[in-house]
Amino acid sequence: MDSLIINGGASLKGQVKVSGAKNAILPIMAASILSSSQVVLSGVPDLEDIKVMSEALTVLGAKIKRERDSLIIDSRHIRSCEIPEEISRKMRASNLVMGALLARFGSAKVAYPGGCAIGSRPIDLHLKGFNNLGYRVWEKGGFMIGDGRPKNGREILLDFPSVGATENLIMAASTVPGTTIIRNAAREPEIIDLQNFLNRMGAKIKGAGLDSIRVDGVSSFGGINHVVIPDRIEAGTFMVAAAITRGDVFIENVAKEHIQPLVYKLREIGVEIMLSSTGIRVMGSKCFRPADFKTMPYPGFPTDMQPQTMALLSTIEGTSIVVETIFENRYMHVPELRRMGADIKIEGRVAIIKGQETLEGACVEASDLRAGAALILAGLFAKGRTEITSVRHIDRGYENIHLKLNSLGADIQRRQ
Ligand code: EPZ
């Protein structure tokens, strides 16, 4: 089991480039099932979650090849509609293939995705949506099973703007004759990228990024080349890395409109941020102020940046209040930050942070992807040596993050 050894204290300086967005690539890989040709995705980092999605598509019969940062996916010869448990358990997002399988084959059988550290991660909204669309879906022996060929589009209302449910329903509706309207849809940028990908393949979808999405069913999809959007959460993680080390970092390949909620919050804290046509410059300073925030569906403050921002607030004198409204258990990083000397109290969904002038290096464990990122950031700030175990969680969403941070002056070793 690999671990990261961080000797903290360096102020990060220099330039770093953001990779393609994991949470755009995963639904787009699922959507490639619809293509009767070959799709080429560019800007695809080599991440564990992308390897698992590739495994899922390969089990279905697709052919996948990686050429540097491109994935070539040929779904023409898909024969199976079943994703076994050993794959579904590895990654929740594997359930995203269900909508595309229903749309193309009128049949799908996907083992229940595992929950994870941050919450139970139910999929009731996906199943209810498929039902409302006119597919038959039921659960049996740990599998979600679906079939049917809806005759016409319908109007669906999501109880909660779930990102995955919105993506799954867009794909499931893409071949249903007539018009489907998805109301109370999630508005994340990754859904806009999915819409653009599908429309370039021949779909007729409008409204992604708003809370109401219209899908006019079509009968076939071609092949395309697609460059995925930059990863706004990786960008945000590097922004906080520059701030927490009081450094000066230029971050390239950033879609500035996607990181607005974080820019506003970091500026409120006192981080200097300069947006330019080629990227974003982030400078830490000595006079940071505490700040409060609440995670919300996009365009609110992203839950995927909550642990990293909490790490920063732990180093700023004064009291900050954080409220996590999206996931019921997304404070697994708190006990680990406490081991480094952070003063954080949890009351239900609320975290009360009393910032400290210093943190001490310690041996800590990553419980999930973004909690692991938060521990790296705290280790960059802390005095002395921090060892982070269970690095596999971090590998799910960050490609060689220690190499990217070392190129900015950090001192991080990866140890088997
Ligand atoms: C996506 O997960 C992202 N993952 C998550 O990123 C992100 O945190 C989340 O959206 C919220 O922005 C991918 O895109 C692969 P949701 P998803 O459905 O789709 C509840 C990361 O770190 N819910 O919007 O699973 C659910 O339990 C990951 O990159 C139901 O109750 O999120 C949660 O409390 C972590 N029933 C809330 O909604 C459902 O059927 C938001 O979930 C579906 C969701």
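Hydrogens, waters and symmetry mates are skipped; everything else that's a heavy atom, side chains included, is used.
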Taking side-chain hydrogen bond (donor to acceptor under 3.5 Å, both in side chains) as the test, write out the residues that go with D248, two or more places apart.
R281
Pairwise distance [atom1]([X]) to [atom2]([Y]) - rounded to 0.5 angstrom:
| X | Y | atom1 | atom2 | value |
| --- | --- | --- | --- | --- |
| I182 | I213 | CD1 | CD1 | 5.5 Å |
| L375 | E365 | CG | CD | 9.5 Å |
| K128 | H126 | NZ | NE2 | 12.5 Å |

Donor-acceptor contact below 3.5 Å, side chain [X] vs main chain [Y]:
| X | Y | value |
| --- | --- | --- |
| Q308 | D304 | yes |
| N168 | N95 | yes |
| S320 | L313 | no |
| K354 | I352 | no |
| E324 | F327 | yes |

Going by an N to O cut-off under 4.0 Å, is there a salt bridge joining K206 and D216?
no
SB check K90 E55 (cutoff 4.0 Å):
yes
Indicate the ring-plane relationship of F293 and F301, choosing parallel, tilted or perpendicular according to the 30° and 60° boundaries.
tilted
